[in-house]
Student: 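Following this message is one structure expressed as structure tokens.
Proteins come first, then strands; the chains are lettered A, B, ... in the order of their sequence lines, and each starts at number 1. All values below were derived from every heavy atom in this structure, side-chain atoms included, with hydrogens, water molecules and symmetry-related copies excluded.
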2 protein chains.
Amino acid sequence: MSDKTTRDQIIEAADRLFYQQGFDHTSFADIAAFVKISRGNFYYHFKSKDEILDAVIALRLQNTKKMLKQWEKDGAQPIDRIGSFIHILITNQAKILLYGCPVGTLSSELAKLDHKSHAEANQIFSLCRNWLGKQFAALGHGDKADALAMHILARSQGVATLSSAFQDDKFIAQEVAQMCDWLQLHAKNSTT
Amino acid sequence: MSDKTTRDQIIEAADRLFYQQGFDHTSFADIAAFVKISRGNFYYHFKSKDEILDAVIALRLQNTKKMLKQWEKDGAQPIDRIGSFIHILITNQAKILLYGCPVGTLSSELAKLDHKSHAEANQIFSLCRNWLGKQFAALGHGDKADALAMHILARSQGVATLSSAFQDDKFIAQEVAQMCDWLQLHAKNSTT
DNA sequence: GTCTATAGATTGATAGAC
DNA sequence: GTCTATCAATCTATAGAC
């Protein structure tokens, strides 16, 4: 923890604060207070606030890739892997209830800001979409694999938004169970 | 249009700009330029920016009530009424692709800002939830009516978020069709 | 009821000492 | 590499003329 570079500490603090407070509403003063450096020191590591955002998005892309790889390693069958994806709603439920989904809320904010990095932020969605599509393709849903991936992604987003609005963790549990039931209906032939 | 009070013009401009740019990112200067009044004039009509937000939320609550009443009038059967709700995704698709759902994105933003009016903004969700629950109850789903209402609400939110991220109007059409299919499966006895 | 002028705080960003 | 000091712009909000 203490041997991390200042640059990495800034990125991690920004990652956290952008999620909790939003990108636009998080100031350098906020990040500086968190990392315990002066505001002027930022500009040795980054040219602008937008550059910090890009670094945060890059970090999230990297972490998402790691997570998907891990699920691919842990889950022998595509069904198990997709199940892992669905269950992040429960794994991260405490944070989701407070701040929603980090991917969806950042994408929505950058859309409203008409921010140049909006497309980059959406690559996190694309990563999940393609990975889910690959799993559904492995299940035998050739042409419908992408549509099924988008369906699961959308339902996860909706659960995050509504559970956060109503502070309802039971709703998360209900919907996760329903999505798993739905998944079983789409379990064609995996290995056979 | 021209005989509207300045106060109403401010509220309508704020309603539009809060949706397109976000609440926090919209300044008095933005609203003033839209309504063509001076910045100082705001404070004759409102005490603070938060008061404008409350007025905007009150307006949205009022408009939502009107819309739900109209659907109840137009649709003879609960199935038709729920169908009207699902189809707002298509009716408002142009705006949704650009700015997402006005209810969901405002709720998410106010959650991150830890804003005191977050609960008020969520009343728009509650309005829809209770109305949908009433329709499902009329369909004969006594104890499951609220869960079905939440399910439809969540799926609508997810479709709004993802279609906006991927700029995909075909995805909206696909999911709306699927939601209508799902709805038919839940069409127990309505009038009989 | 609307305006101009301005206060007071905060923002992102820069310059230069150490 | 980190700091202090500071700039210029912007923000919400206020005061007072008309």
Student: Could you check whether the rings of B/H141 and B/H186 sit parallel, tilted or perpendicular, using 30° and 60° as the cut-offs?
Tutor: tilted

Student: Does A/K49, at its NZ atom, have more than 12 non-hydrogen atoms belonging to other residues, nucleotides or ligands within less than 6.0 Å?
Tutor: yes

Student: Reckon B/T6 has a side-chain N or O less than 4.0 Å from the OP1 or OP2 of C/dG1?
Tutor: no

Student: Looking at C/dT2, C/dT11, D/dT2, which one has an atom nearest to any side-chain atom of A/H45?
Tutor: D/dT2

Student: Taking the six-membered ring for Trp and the single ring otherwise, decide whether the centroids of A/Y43 and A/F28 are under 6.0 Å apart.
Tutor: yes

Student: Which nucleotide wins on minimum distance to the side chain of B/I37, given the candidates C/dC3, D/dA13, C/dT11?
Tutor: C/dC3

Student: For the pair made of CG in A/D30 and C1' in C/dG12, what is the distance, rounded to whole Å?
Tutor: 13 Å

Student: Using atom NZ of B/K47 as one end and atom P of D/dA13 as the other, report the distance to the nearest whole Å.
Tutor: 12 Å

Student: Would you mind reading off the distance between B/N41 atom CG and D/dC18 atom P, rounded to a whole angstrom?
Tutor: 18 Å

Student: Name the nucleic acid region contacted by B/T26, choosing base, sugar-phosphate or nothing; use a 4.0 angstrom heavy-atom cut-off, strictly under.
Tutor: sugar-phosphate

Student: Quick one: A/H25 NE2 to C/dT10 P, roughly how many Å, whole number?
Tutor: 12 Å

Student: Measure from NZ or CZ of A/R129 to the centre of the six-membered ring of B/F166 and say whether it is under 6.0 Å with the direction within 45° of the ring axis.
Tutor: yes

Student: Rounded to the nearest Å, what distance is computed from the NZ atom of residue A/K49 to the C1' atom of nucleotide D/dA9?
Tutor: 15 Å

Student: So what does A/S27 hit on the nucleic acid, given a heavy-atom distance under 4.0 Å: a base, only sugar-phosphate, or nothing?
Tutor: sugar-phosphate

Student: Does A/E109 come within less than 4.0 Å of B/K112, counting only side-chain N to carboxylate O?
Tutor: no

Student: Rounding to an integer number of Å, can you tell me how far A/R39 CZ sits from C/dT11 P?
Tutor: 8 Å

Student: Taking for each residue the nucleotide of DNA chain C with the nearest heavy atom, is it B/S38 or A/F23 whose nucleotide lies nearer the 5' end?
Tutor: B/S38

Student: Expressed as a whole number of angstroms, how long is the span from A/Y43:OH to D/dC7:P?
Tutor: 16 Å

Student: Counting side-chain heavy atoms from CB outward, which of C/dT2, D/dG1, C/dA13 is closest to A/Y44?
Tutor: D/dG1

Student: Expressed as a whole number of angstroms, how long is the span from A/F42:CZ to D/dC3:P?
Tutor: 10 Å

